[in-house]
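Let me begin by presenting the structure, written as structure tokens, before commenting on it.
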Amino acid sequence: MSQVDEKEREPMASREEDIIANGDEEKPPSDEEEGEDVFDSSDDEEGEEDVDEARKVQEGFIVDDEDEDVVTGKGSKKKRKHKRKAREQNEDDGRLSEDDLDLLMENAGVKRGNDQGNSGKLKRLKRAGQEETKDDKSASNSKEAAESKLEDFFSDDEDQEQDGGDEERRSDERAFRDEEENHKGGRSSNKGGMMDELDDFIEEDDFSDEDEETRQHRIQERKMLREQRMKQPVHVTGLSSDKIDEMYDIFGDGHDYDWALEIENEELDEGNLEDGDAMDAEGEGDENGNAKPAKKKITLKDIYDLQDLKRNLLTDEDMVIRKTDVPERYQELRNGLANYSELASEDQELEKNWISDKIAVDKNFAPAYDLTEFRECVGNAIQFIVQDNLEVPFIYAYRRNYISSRDADGFVLTEDDLWDIVRLDIEFHSIINKRDYVKRFYEELNIQDPMVDDYFRNQTTGSSAELNSLQDIYNYLEFKYAHEINDGILKKTGRKHLKNSSYEKFKASSLYQAITDIGITADQIGENVNAQHQIHVAVDHPNLTPLEVVESILNSNTADLQVFTSNTKLALDTVKKYYALEISKNTKMREKIRSDFYKYYLADVVLTSKGKREIQRGSIYEDIKYAINRTPIHFHRDPDVFLRMLEAESFNLLNVKLHMTSQSHYVEHMFQVVLETTNTSQLATEWNNFRKSAFVQAMEQIFGDISGEIKEDLSKTCEKLVTKTIRHKLMTKLDQAPYIPNLKDPKIPKILTLTAGQGRFGSDAIIAVFVNRKSDFVRDYKIVDNPFDRSNPQKFEDTLDTIIQNCQPNVIGINGPNPKTQKLYKRLQEVVHKKQIIDNRGHTIPVVYVEDEVAIRYQSSERGNQEFPNKPPLVKYCIALARYLHSPLLEYANLTLEELGSLAIHPTQSLVPRDLLLRVLETAFVDIVNLVGVEVNKATDNPYYASALQYISGFGKRKAIDFLESLHRLNEPLLARQQLITHNILHKTIFMNSAGFLYISWNEKRQKYEDLEHDQLDNTRIHPEDYHLATKVAADALESDPDAITEKEGQGTMSEFIDMLREDPDRRSKLESLNLEQYAEDLEKNTGQRKLNNLNTIVLELLDGFEELRNDFHPLHGEEIFQSLTGENEKTFFKGCIVPVRVERFRHNDIMCITNSQVECIVNAQHHTGAQFKIPPGDIYEIGKTYPAKVVFIDYENILAEVSLLEHDIRHQYVPINYSKDPSIWDLKQELEDSEVEKKITMQEARAKRTHRVINHPYYFPFNGKQAEDYLRSKERGDFVIRQSSRGDDHLVITWKLDKDLFQHIDIQELEKENPLALGRVLVVEQQRYHDLDQIIVEYLQNKIRLLNEITSNEKFKSGNKKDVVKFVEDYSKVNPNRSVYHFCFNHSNPGWFYLMFKLNSQSKLYTWNVKLTHTGFFLVNYNYPSVIQLCNGFKTLLKSSSSRNKTASYH
């Protein structure tokens, strides 16, 4: 915004406030005051297109042959006139007929004359300031002329005088030139504008008395005159020359596309552009009748880039959508569906039943509930959508009695149900298109297949209307009749159909004979499965097994099957493979298994190695990591669970496995029922086994295919359920009325909004913005005073008080990106309370928190930069906060698609495809916008308010743009809804959809427009089709005389009853006393129309037109404020979680910290180690350093948390488990196994990542256990190394060699360490304390080495493993049966231990005792022996004492 504009704006704002204070204070609040914008888009005129140009695209310019003759003179004019008539006749197909118009006028209370004028049809609406008449007429005749044109517009009379046609064409040409000049963007000066107006009076027709030379001279003069105007400098008032030069540098001088416009002007001068006629295609004849070459007409595609056209919705496809009399959203959904709505009667019945069954699932009807009435209502809804092209808001508002039960407590099809019906209707038409395609495909094959014929005969069942079944039929045809398909394609294209070519080769080979020897075909198996018993019994081969059958075929066809001659098993497997393939393609087989699978399927999660590693505690997939046996009921209750399963599967974290309950038993049972024979011979057994193997293989193939189908279907179902939740969440945000500070005095407030920015009080300014009642920005303030300045607190208070007194707001809104905003909020409340600040109505000014998710996006958006280019982001942020207080709906409606998609509406929205999410969000806007309505004339002048138009029933982005362009061309406010039709602004269907939601507010200032009397019903939700009912209700409420009613009906002045009722002070009691139920019954009996809901609406609207139906405004409270200011939620910041905190300061024994999200935290004395050791916290913790802390308590109101720094608190984070680990749905066994494996892997990774210690000792090596063993393997017995321990940095290990490939690892625990990597002052080995490593080596290890050498050199020691020593002892005992024998050997399972094995004699069993090697001797049976000799003696003593005690019986 320029400085000049800002200077001029302040006095204007003050004058406006005076007007508001004097005029608007006493008026009740209206939606008109919800908010306006100061920015006017410059793209509106660029979006204007010639009406006939769009019609050319739509109609394709189909011209009769007899019209192709080229003629000259008047014949040329007649030809153009004839084509214009034909085009107008085609246009009339989408407009109201005479009967419809009469009914509309009658309902609106306007009597329509019967005479038809001859002034010509109003073909095209003219721009503002454009002259309509050919001759000068007095002002008194203007109204009659307009009425005459209105009547002629809907006239069916095709006769038209030549003068009228010429006048119409000249008017069209003037409109074309106006559109062209407006497109140039104001290059000409005031003088040029006057000359443009003069150009409108220059006739374009060839003068009868003008020769060719004169005509060319006239054209050249006009061309030169236009060039001179284009070269004239532009005079921009109010701007300096520097500003003008700067503007040209940025935006250009508007001559970028002069080359294209000049070509168009030349064509216009030469008569080649006839306002949309197809003259370009035909060319013009010269004087001799020879056709001139036709010039190509310049279109928008020739001037603008295609991407620009798409962005501005100006492509040919967009223009077709604009002009087609079908709701835009329906056109988008039905795009690509051929022959939509052309369903046969049986298909319509099928659609009704199919959709009813699907909707009934969500309604949860009782099993015994009669669905007859419900199906009828669904059928009505389908008819409204498909045949009448009525959108959901209209159906729900004005046809509710047709979609609800007659029982007062019965069902009602909600808006959710209606949107589902719209979606299912598209899905059903897709199915029908697929079915018709498959049917044509089958007929073109010219074959007869009983299974396919039976399928198409069975079209009344639900299964025949499923894409999966149709796909089965299509795949079956491609599989079984690939040869016929190949022949057909070869004849048409010369190429072969390569699909199933391997099966065709097998079928053509002699090996296919084995299939017939199996004894039953795939089709027969399908019939058995369908019947669930053996209609066809398998016949075994009389004397050959399956392998022998294949061998016989190979022997008799050696040349053809040479590849199998050396591998009979491969041939048998090939036969089995293709036999299983034939079974799996059978449609009856697949249909039965699909039906059973859908009833009994379960879902399991199978983790991948990546998933086992990455899905950890706190992961979004934690609750599905070991999910098993999940049923469809689970997924309908928690639809996001299955979507997260699929998402994790796409990341290769897991696989979702679908299977039937007891699937193996199901397959076994199915085989027994349909295929197994009862013969028990060896031959029959082999054939049964072969068939079973093929059958199981086919079943696995079918299970795999159906699993994929279920995943896709279940995914769509879960997406629908999730999007419904998202839709309701957004509707909660949209369904908020403007903020009303005092409900006893309900007026739209003036608003002051503030933000503290980053919260650096005293350094950063506090920004305040004042917005008036119409949402217009008035001015902004910058408060530099520190609100928390203890030395001068009064300064901030005075500054704030001055701003409030100047602005006189009714409410103060606040929010910000920082928790410091909460301090400012409390300070504001304190100031308002302290100074007792009130508004101009005497009410206390409330301070409220405002949702800022829209403001955050607006402050850096392109829209914000366009509206307020010179304002900083925080000012635009505050403007958006104020607008949100006036209308959350409009704030959300002005978001772009990218901004809308970025809103955090629901945690599960990321699971839904973006296009589906945006489409569902649009339905929420449609429902709420139509609940509120749009004031037509306000939308014309206010782009911010007009953003809601696209969501009006029947509209869309394109139709909203077209609607606004039509209103701009009208250049005057609308006075009645019927003008939407009479001025050709809307066609019949779109008018029907939207009229009840587009209202026209009455304003006495518009009395100067006397064209049409304003109808007060146009300011209500009553649809024009019900105006006659409204007047009848008003007359009955007033208890008017029947003769008076009859008289006013004849005069067409029934609307006078509305005026009388509005002025009646007792109208409420009179209206509420009416028996609407009885009146509705009589109306249905007489006319067949069900209007009870409409009558209730009429009564409510007559009491208060367009009453506010939205919920009250919802300011933020409690946890909502906490989340808005910090960005934390219940999953990221909760009691028990571990968060990093930065120490800010110390207060006595408490520590003040702050988190990354700026949440202030306090650490009490009992929650840090300083209090335990009686040390000041400053000696332990450093200011500015970050420490992990555990959240103990959260104060949401003050945005404060209490945390603990104690080690035992932060060692384990508390993560709440909000899912069930019921063993029936959770794989506990697999979880335990994976946990053990994970611990081992974690330990290994930790070992690999540990920092290697450096110990200053000659025997210390940086080895792990395996490396130490490899190093010692080539060393002598008794050699050793000292190494790092895997137990941590407070342990070391001595690894020493006992024997070949036998090593012992001795743990050394370190105590009294100076730092983690230093060697401990005290070393503990087997509970013995040492002072250094050398002491351990001398006093501990060398003693063990000495004792090891002593025992290994003893004659009783035997080398080798246990098995070798046992054999030696057994052999010795056999040779010496009466002697006892004993020997020692290594215990290789436990290094450092020895086996003592002995036998008393050859008859006794072998005994084994364990001996432990210590640094002081040998430990045996609770005794330690210092030497081997003492060990042997001790052993003998123990043996004797034990023998005498047990009388030797225990050794035998």
Side-chain angles (χ1 to χ4, degrees), residues 752-770 779-804 812-832 847-853 855-860 864 868 870-882 1116 1121-1128 1133 1139-1147 1150-1163 1182-1186 1195-1201 1203:
L752 182 70
T753 52
L754 294 92
T755 184
Q758 295 302 319
R760 295 187 289 263
F761 301 111
S763 299
D764 297 342
I766 298 172
I767 302 299
V769 164
F770 176 58
R779 66 165 300 176
D780 60 282
Y781 300 89
K782 183 182 291 186
I783 305 175
V784 296
D785 304 324
N786 186 350
F788 304 100
D789 185 0
R790 296 181 180 179
S791 61
N792 190 9
Q794 189 67 28
K795 188 175 181 181
F796 171 78
E797 295 176 1
D798 294 340
T799 302
L800 180 63
D801 188 24
T802 301
I803 293 174
I804 293 177
I812 297 176
I814 187 173
N815 208 325
N818 191 285
K820 299 289 181 64
T821 306
Q822 180 70 357
K823 292 185 176 181
L824 178 61
Y825 170 75
K826 292 189 174 182
R827 185 76 172 106
L828 290 175
Q829 287 184 319
E830 179 185 340
V831 173
V832 171
V847 183
V848 298
Y849 265 102
V850 187
E851 174 63 65
D852 69 340
E853 61 180 355
I856 290 173
R857 289 156 178 81
Y858 177 75
Q859 66 180 344
S860 58
F868 305 102
N870 299 323
K871 295 297 181 182
L874 287 180
V875 171
K876 290 181 279 190
Y877 175 86
C878 289
I879 293 172
L881 289 181
L1116 299 182
I1121 297 175
F1122 183 88
Q1123 183 172 345
S1124 176
L1125 296 180
T1126 66
E1128 303 281 7
F1133 197 86
V1139 295
V1141 297
R1142 185 178 70 250
V1143 176
E1144 293 287 301
R1145 64 187 184 277
F1146 301 104
R1147 188 179 65 188
D1150 296 340
I1151 306 174
M1152 309 307 295
C1153 309
I1154 193 168
T1155 67
N1156 293 334
S1157 56
Q1158 304 300 305
V1159 178
E1160 291 189 1
C1161 302
I1162 182 171
V1163 185
E1182 300 178 19
I1183 293 179
K1185 193 172 181 180
T1186 301
D1195 183 358
Y1196 289 103
E1197 182 179 355
N1198 296 307
I1199 311 182
L1200 185 69
V1203 299

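Computation of the quantities below employed the complete heavy-atom set of this structure, encompassing side-chain atoms and omitting hydrogens, waters and symmetry-equivalent molecules.
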Shortest non-hydrogen separation from [X] to [Y] and the atoms involved:
X       : Y       : value
Thr755  : Gly816  : OG1-CA, 3.6 Å
Cys1161 : Leu1200 : N-CD1, 4.4 Å
Val1159 : Phe1133 : CG1-CZ, 4.1 Å
Glu1128 : Gln1123 : O-CG, 3.1 Å
Asn818  : Gln758  : ND2-O, 3.3 Å
Val850  : Leu881  : CG1-O, 3.7 Å

Taking atom [atom1] of [X] and atom [atom2] of [Y], what is their separation to the nearest 0.5 Å?
X       : Y       : atom1 : atom2 : value
Lys876  : Arg857  : NZ    : CZ    : 16.0 Å
Ile1121 : Glu851  : CD1   : CD    : 11.0 Å
Asp798  : Asn792  : CG    : CG    : 8.5 Å
Leu874  : Asp780  : CG    : CG    : 10.5 Å
Lys823  : Asn1198 : NZ    : CG    : 10.5 Å
Asp852  : Ile814  : CG    : CD1   : 11.0 Å

side-chain contact (heavy atoms from CB on, under 4.5 Å) for Thr753 and Ile767? Distances and angles first, verdict last. CA-CA 8 Å; Thr753 52; Ile767 302 299; over 6 Å; no
Measuring only between side-chain heavy atoms, which start at C-beta, is [X] closer than 4.5 Å to [Y]?
X       : Y       : result
Tyr781  : Leu754  : no
Lys1185 : Val1143 : no
Ile879  : Phe868  : yes
Ile856  : Tyr877  : yes
Leu800  : Ile766  : no
Asn815  : Leu1116 : yes

List the steps and the verdict of side-chain contact (heavy atoms from CB on, under 4.5 Å) for Arg1147 and Ile1162. CA-CA 10 Å; Arg1147 188 179 65 188; Ile1162 182 171; 3.4 Å; yes
Working for side-chain contact (heavy atoms from CB on, under 4.5 Å), residues Ile783 and Phe796: CA-CA 8 Å; Ile783 305 175; Phe796 171 78; 3.9 Å; yes
Surrounding NZ of Lys795 (heavy atoms of other residues, nucleotides or ligands, distance under 6.0 Å), is the total greater than 12? no
For the residue pair Phe1122 and Tyr1196, categorise the inter-ring angle as parallel (less than 30°), tilted (30 to 60°) or perpendicular (more than 60°).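 Ring orientation of Phe1122 relative to Tyr1196: perpendicular.
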Applying ring pair (Phe, Tyr, Trp, His ring centres under 6.0 Å), name anything that partners Tyr849, two or more places apart in sequence or on another chain.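 Tyr849 satisfies ring pair (Phe, Tyr, Trp, His ring centres under 6.0 Å) with Tyr825 once adjacent residues are dropped.
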